[in-house]
Each structure stands twice: as C-alpha cells, then as structure tokens.
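Right, one structure below, let's go through it.
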Number of protein chains: 2
Amino acid sequence: MYENFWKQKGEETTVVTSSWQHISYFSDIKNVCWFLEPALMSAIMRLHKVVGNAVTEGRHIVVGTGSSQLYQAALYALSPHNASEPMNVVSAAPFYSSYPLMTDYLKSGLHKWAGDANEFNKQEPYIELVTSPNNPDGSTRQDVVKGDKGILIHDLAYYWPQYTPIVSPADYDIMLFTVSKSTGHAGTRIGWALVKDREIARKMTTFIEINTIGVSKDSQIRAAKILQAISNSCDHANQKDVETFFDYSYKLMAERWKELREAVNKTELFSLPDFPLETCAFSSRTFGQLPAFAWLKCEGNVDDCEEFLRKHKILTRGGKHFGASMKYVRVSMLSREKEFKLLTQRLPAIVS
Amino acid sequence: MYENFWKQKGEETTVVTSSWQHISYFSDIKNVCWFLEPALMSAIMRLHKVVGNAVTEGRHIVVGTGSSQLYQAALYALSPHNASEPMNVVSAAPFYSSYPLMTDYLKSGLHKWAGDANEFNKQEPYIELVTSPNNPDGSTRQDVVKGDKGILIHDLAYYWPQYTPIVSPADYDIMLFTVSKSTGHAGTRIGWALVKDREIARKMTTFIEINTIGVSKDSQIRAAKILQAISNSCDHANQKDVETFFDYSYKLMAERWKELREAVNKTELFSLPDFPLETCAFSSRTFGQLPAFAWLKCEGNVDDCEEFLRKHKILTRGGKHFGASMKYVRVSMLSREKEFKLLTQRLPAIVS
C-alpha cells in the first residue's frame with residue numbers, strides 16, 4: 001500500500017550490494033545478538049527516538065526474520081526448559097489468529113496455547129501476549145490476567161503514528177516491532193525486539209541461532225537504509241517540499257477509514273468499532289485509531305459474517321479464527337488501491 | 001574464504017534494490033512455495049543442470065532461511081501430526097552436531113532425536129538423515145538403517161565440485177542445499193530443498209509460513225544473481241581468461257588440504273581420513289574428497305583431542321558433539337587465510 005510513497009524516493013533508499021559484501025554469518029560478535037548488523041541497530045534506535053514510540057535506553061535489540069520468529073524466540077526464552085508441564089500462553093480475544101498456531105504447531109513441551117486471557121484463571125505460570133494496537137480490532141490494550149505468575153510480551157507492530165496516536169514511549173520488558181507494518185516492506189522479513197533483560201535477549205538469540213542461524217544480512221542492510229530515510233525525512237519535516245513517510249501513510253489511512261465508514265454507514269447491515277480521540281505526541285494531530293484492519297460486525301440476523309460476505313464477493317477472515325464471534329470479520333485496510341475501492345463499492349451494495 | 005574470488009567480480013554480481021521493490025510477502029502465488037522468487041527458482045535449476053549434481057526435473061523447490069530451516073520444515077512435513085509418540089530421527093555417527101539440537105530444542109511432540117543410525121533397531125517409523133559428503137568427516141554416505149519404515153532426507157550441502165567429485169546427479173526424494181556452502185554467502189541465509197512429492201513440499205512451505213512467513217526477498221534476489229553468475233562463468237569456461245568459481249574454489253581447497261596433510265605428516269600425533277580417487281563428471285578431474293572440515297584424530301594416548309589442542313592454541317570442536325569418540329575433532333577448512341596458516345604452523349610444532 002505504501003509502494004507509491006517509496007516510488008518517489010530516489011537514490012537515498014537504494015541499496016547497492018557487491019557480491020563480496022556481507023558474506024559471513026557474523027555481524028558483531030561482541031553484541032548479545034551477534035548477527036545484528038550495527039547499521040540496523042543504529043537505525044532502529046534513531047527511529048524510536050524520532051517517533052517517540054518506544055524506550056530504547058538500556059534495551060538489547062534482537063533482530064528476527066519478521067516478528068513471527070521473535071514471538072517464537074520470546075516463548076522459547078520465557079518458558080522453563082525443565083518444567084513438567086508446558087507454559088500457558090494467553091492473549092485477550094479477539095487475538096491475532098497466528099498466535100495459537102505459532103505456539104502449538106510443533107506440539108512443544110515448552111509452551112502451549114491456553115486461549116483467551118480474559119478467561120484464564122489457573123494458578124499456574126503464564127505468558128500473556130499484549131498486542132497494542134490490537135490485531136484484529138485495533139483497540140489499545142493492557143494486560144488483563146490478574147495473576148502474579150505472569151510474564152508479558154508486548155507486540156507493538158502497529159504502534160506507529162499512521163495507525164494510532166503515539167501517547168508516550170512504550171516502556172515494557174519485551175517489545176516486538178516489524179518493518180512490514182511500520183514501513184510496509186513485508187518482503188524483507190525484518191522484525192526486532194527491544195528486550196530489557198540481557199539473559200532473555202541471549203536466549204532469544206539462541207533460538208534464532210538454532211532456528212535459522214541468524215537473519216538475512218541483505219535485508220538488515222536494506223531495512224537500515226529505509227528506516228534511516230524515514231528518520232531523515234522527519235528531521236527535515238520543516239522544509240516545505242518534504243512529505244514525511246508518516247504524513248503520507250497517516251493521510252492514506254485516514255482517507256481509507258473515512259471511505260470505509262461512509263460505505264458502512266450507507267447500510268444498516270454492518271458496524272465498525274469507534275475509537276476515542278487522542279492527541280499524538282509525534283504529529284500533534286488529534287485523531288482516533290486508524291487500524292491496519294477493520295473489525296467489521298454483521299448486525300441483525302447474520303450469524304456467519306465471513307460466509308455472508310463471501311457470497312457478495314468480499315473475502316475476509318471470520319471472527320472464530322481470532323477467538324471471537326462469527327458475527328465479526330477482519331478486513332484488511334492495507335490492500336492495493338483497486339481492491340480497497342471494490343470493497344467500499346461492494347459493501348453498501350449488499351441487500352440483506 | 002571465497003571473498004577474494006567475489007572481489008574480482010564486478011557489476012555482474014552487484015545487486016541494486018530500490019525502496020519500492022520486493023515489498024510484498026508474495027512472490028508467486030501459483031507456486032506451491034508461494035514465497036519463492038521466480039528468479040531464484042530459475043537460477044537454482046540452471047546451476048544444478050550446469051554442475052550435474054542433482055536432478056531438478058519433476059521436483060518442487062522450497063526456499064528456506066538457510067538449510068537449517070529446511071531441515072526443520074522437512075521434519076515437520078514428514079512426522080505424523082496425530083501419532084501417540086514422536087517420530088524417531090537418526091543419522092549415522094559422526095553426524096552434524098546441530099541435528100540433535102534442531103530436532104529437540106522445542107521438545108516437540110512431533111519428532112525426537114534417536115541418535116546414531118547404526119544403532120537404531122526399533123520396529124518403529126523413523127526419519128534417517130543422510131549427509132553426503134558428511135559433516136564432520138567428509139565421507140560419502142548412503143542410508144544405513146535396514147528398516148522398511150524409514151523416510152530419508154538427503155543433506156547435500158557439500159555436494160559441489162570444490163569439495164567432492166560429482167559422480168552423478170543426486171536423485172532422492174528430499175534434497176537440501178545452501179548457498180553458504182556452495183558459494184560462501186552464509187550471510188544471505190538462503191537454502192533450498194528439491195522435493196519430489198508435492199504434498200511434502202506443501203507441508204514444508206506451511207512450516208516456513210508459520211515459522212517466518214516466508215524468506216527474505218532481498219537475499220533471494222541476490223542469491224539468484226550470484227548463482228546465475230556462477231552458471232555464466234561455467235558456460236564461458238572455454239574462454240581463456242575466465243576462471244570459473246568452481247575452478248577457483250577447487251584449487252583453494254586442494255591447496256589447503258595439501259598443506260594440512262603436510263603439516264599432519266610432520267608429526268606422529270595426528271591422522272586424517274583418506275579418500276578414494278574418483279573422476280568428477282563436471283570438471284573431468286580425478287581427485288579424492290576435499291571436505292569443508294577436517295576430521296582430525298589424535299593418535300596415541302591423548303583421549304580428549306579438543307582439550308589437548310586447546311592447550312596448544314588450536315580451537316576445534318570435539319568428537320562427542322558429533323556422537324563420536326573424543327579422540328576426534330572437527331577442524332574448519334573454510335577459515336580465513338591467516339587463521340588457516342596458523343593452524344598449519346601450530347599443528348606440527350606440537351610435541352606430546
């Protein structure tokens with residue numbers, strides 16, 4: 001969706017790699033995460049400082065092949081390896097549909113998916129995954145389990161100013177980010193974790209070492225260049241002719257949400273969540289969330305919203321995948337322009 | 001080790017990537033492996049044809065973040081998901097020390113490491129990993145378990161003409177390769193599997209989808225360019241001024257093995273494996289294996305060869321990591337020139 005922005009960018013973000021460069025497995029053997037490229041580390045720290053969305057001081061950075069790998073690395077690092085029972089992993093419904101899958105696909109003896117955090121009441125250790133803004137419904141989240149045996153992982157993939165007002169720098173023990181959601185470069189498969197505890201960062205590094213022996217250097221170098229270009233544009237934002245990436249992407253998201261809400265309001269069949277207005281400390285704009293996904297509800301008698309929409313040629317992902325009611329579906333707001341237009345045309349044309 | 005070769009190469013192998021390219025998760029949605037870049041697929045098929053080391057006809061290609069990820073993907077694809085017991089995974093000792101680790105690090109209920117294939121005699125299903133040439137000892141391998149419930153994975157990372165005579169195109173059900181060993185570009189983290197059965201290729205793809213949602217496109221594009229450059233140089237090998245990559249790397253390996261054998265022969269403390277001479281169908285040269293690792297044995301009374309060498313400032317990996325006797329160590333033959341020289345100086349200087 002952000003492709004047109006990047007097409008305006010010239011040499012500043014072009015990467016040139018000769019065949020003799022970045023050959024080795026190693027990037028910085030003195031770092032806890034020995035396969036993290038120093039250029040990427042600098043770019044990540046600078047961007048968080050510029051945007052003000054996360055504290056990086058006193059944090060170790062672990063790079064991953066997307067934030068999926070980092071989620072699995074965090075589970076590996078946080079689960080005891082000598083326990084008789086696997087560690088419980090929970091998240092408040094509706095939750096990202098891949099979490100149960102990533103937790104359980106290898107039938108691990110280290111951890112197991114234990115479902116909706118709102119319903120977890122065992123007197124056992126647990127890991128609670130807090131996704132904020134949340135995928136699929138865009139809401140701002142806090143941990144919900146009222147236990148004293150919990151460890152938290154914060155998935156902050158969408159905590160960027162095109163999706164949500166940045167109210168303060170996030171300051172948690174383990175925070176996950178990814179370029180696929182921040183800049184749109186999903187194909188690079190680069191994510192990163194900010195980790196307070198050195199030992200946890202070390203164990204996460206060990207997981208990635210066993211899983212893939214590090215992370216593509218080519219993509220790390222490219223991601224570094226793209227993140228630096230974004231920081232540069234923010235630094236020069238006072239120059240009239242420079243539109244920052246976050247200006248561009250915010251306007252795009254705001255426009256799409258306006259169009260979607262207009263389309264939905266033309267019928268009585270559907271509803272969308274409402275979000276409170278807040279002021280973004282980064283952009284100084286006051287706005288409600290503009291999530292990367294719309295959590296659409298079928299009002300009235302429709303019980304299976306996914307099936308209902310499919311009949312009207314709208315492909316979505318049903319609520320049951322996210323631990324929620326089938327009256328809900330998740331709709332992508334980051335699709336290509338043509339697809340998104342079709343969505344806003346087809347929705348109001350539906351007659352129940 | 002191959003860095004100097006790549007430094008001679010100019011623009012042919014240089015990759016230029018603009019920020020708007022390769023943004024999406026998807027590469028070819030019609031392919032079983034939907035995240036495989038078509039350019040990499042062509043480059044892989046061409047190189048195998050040029051070298052004659054593997055059959056690609058009727059095979060599906062699955063790309064991975066190094067061959068480690070593909071090994072884990074193959075275990076996931078080959079292990080039944082509803083069995084009461086995890087699948088046995090074996091390999092003949094000495095075996096690559098990471099196999100037990102990669103099989104068991106998540107305490108998976110799907111598969112478990114069952115040790116040396118030579119000693120496996122359970123009447124249960126098993127996966128046998130056949131590494132040929134073998135890591136750590138360089139030997140040519142066949143499967144050894146005499147059972148009828150076995151499935152084979154062939155790890156052919158070192159089946160390239162700088163390490164071993166290519167006698168015929170490998171023609172197995174699941175074959176693993178990696179650029180880190182074929183071209184030396186470990187930092188790209190690109191491996192590939194040639195898979196006969198479509199359903200197994202699909203399940204391997206599912207594993208990588210859950211594990212890392214695909215594989216870095218930037219590295220795939222770069223690997224494609226490097227593999228094509230190697231094929232090009234082989235096609236033009238009749239031109240006098242062109243030294244192919246495999247000529248260069250073969251000469252380097254042959255020279256290093258000559259130096260190492262000379263160093264070892266100066267003392268009676270150590271021995272190295274001998275390899276039979278064979279004629280390489282690719283290069284027409286007749287030679288014995290030139291493995292990427294030397295499997296060095298301490299003769300005489302030394303029981304812990306790793307410890308013994310460490311005292312003499314030579315860092316190696318002891319036999320026990322590979323399921324073998326501690327009288328053996330694995331020594332890298334792919335180190336930097338300076339390190340390798342030190343090895344060949346220090347070995348003969350040791351007095352027991």
Side-chain angles (χ1 to χ4, degrees), chain A residues 2-7 9-10 12-27 35 64-66 68-69 72 76 81 86 98 101-102 105-111 180 183-190 206-207 210-219 221-222 225-226 229, chain B residues 2-7 9-10 12-27 35 64-66 68-69 72 76 81 86 98 101-102 105-111 180 183-190 206-207 210-219 221-222 225-226 229:
Chain A
Y2 306 137
E3 198 176 78
N4 285 333
F5 176 83
W6 295 112
K7 280 194 174 164
K9 289 275 157 187
E12 187 190 357
T13 54
T14 298
V15 180
V16 180
T17 311
S18 299
S19 57
W20 56 270
Q21 294 181 298
H22 324 308
I23 284 187
S24 158
Y25 285 108
F26 302 97
S27 295
F35 46 77
T65 310
S68 300
Q69 190 179 36
Q72 292 162 65
Y76 176 84
H81 287 214
S98 290
L101 200 60
M102 291 192 284
Y105 73 129
L106 294 171
K107 294 189 176 180
S108 174
L110 300 182
H111 43 69
S180 75
T183 76
H185 292 84
T188 63
R189 312 304 313 117
I190 294 293
T206 298
F207 174 90
I210 304 172
N211 192 207
T212 54
I213 325 187
V215 173
S216 162
K217 283 194 180 179
D218 309 307
S219 284
I221 298 291
R222 186 169 179 226
K225 198 143 193 176
I226 289 166
Chain B
Y2 306 137
E3 199 176 78
N4 284 333
F5 176 83
W6 296 112
K7 280 192 174 166
K9 290 275 156 185
E12 188 190 357
T13 54
T14 297
V15 179
V16 179
T17 311
S18 299
S19 57
W20 57 270
Q21 295 181 298
H22 324 309
I23 285 187
S24 159
Y25 284 108
F26 302 97
S27 294
F35 46 79
T65 310
S68 299
Q69 190 179 36
Q72 292 163 66
Y76 176 83
H81 287 214
S98 290
L101 200 60
M102 291 193 283
Y105 73 129
L106 294 171
K107 293 190 176 180
S108 174
L110 300 182
H111 44 69
S180 75
T183 76
H185 291 84
T188 64
R189 310 305 312 116
I190 294 293
T206 298
F207 174 90
I210 304 172
N211 192 208
T212 55
I213 324 186
V215 173
S216 162
K217 282 194 181 179
D218 310 307
S219 284
I221 298 291
R222 187 169 177 224
K225 199 144 191 175
I226 288 166

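Throughout, protein chains are lettered first and strands after them, A, B, ... in sequence-line order, and every chain is numbered starting at 1.
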If one checks every heavy atom of B:S180 against chain A at 4.5 Å, the contacting part turns out to be side chain
- Does any heavy atom of chain A fall under 4.5 Å from the side chain of B:Q69, the backbone, both, or neither of them?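 Both parts, heavy atoms under 4.5 Å.
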For the candidates [options], which exhibits the highest count of non-hydrogen atom pairs separated by less than 4.5 Å from chain A?
options                     : value
B:N4, B:I226, B:L101        : B:L101
B:G64, B:S98, B:G66, B:A186 : B:A186
B:I190, B:T188, B:I213      : B:I213

Just by modelled atom types, is the [Y] backbone N or O under 3.5 Å from a matching donor or acceptor in the [X] side chain?
X      : Y      : result
A:K107 : B:H81  : yes
B:R222 : A:T17  : no
B:R189 : A:K217 : no
A:H185 : B:S19  : yes
B:E3   : A:I23  : no
A:S108 : B:L106 : yes

Any heavy-atom pair between the side chains of [Y] and [X] that's under 4.5 Å?
X      : Y      : result
B:S68  : A:T212 : no
B:T14  : A:V16  : yes
B:Y105 : A:F207 : yes
B:N211 : A:N211 : yes
B:W6   : A:S18  : no

Item to check | Region of A:Y25 that comes under 4.5 Å of a non-hydrogen atom in chain B | outcome: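 Both backbone and side chain.
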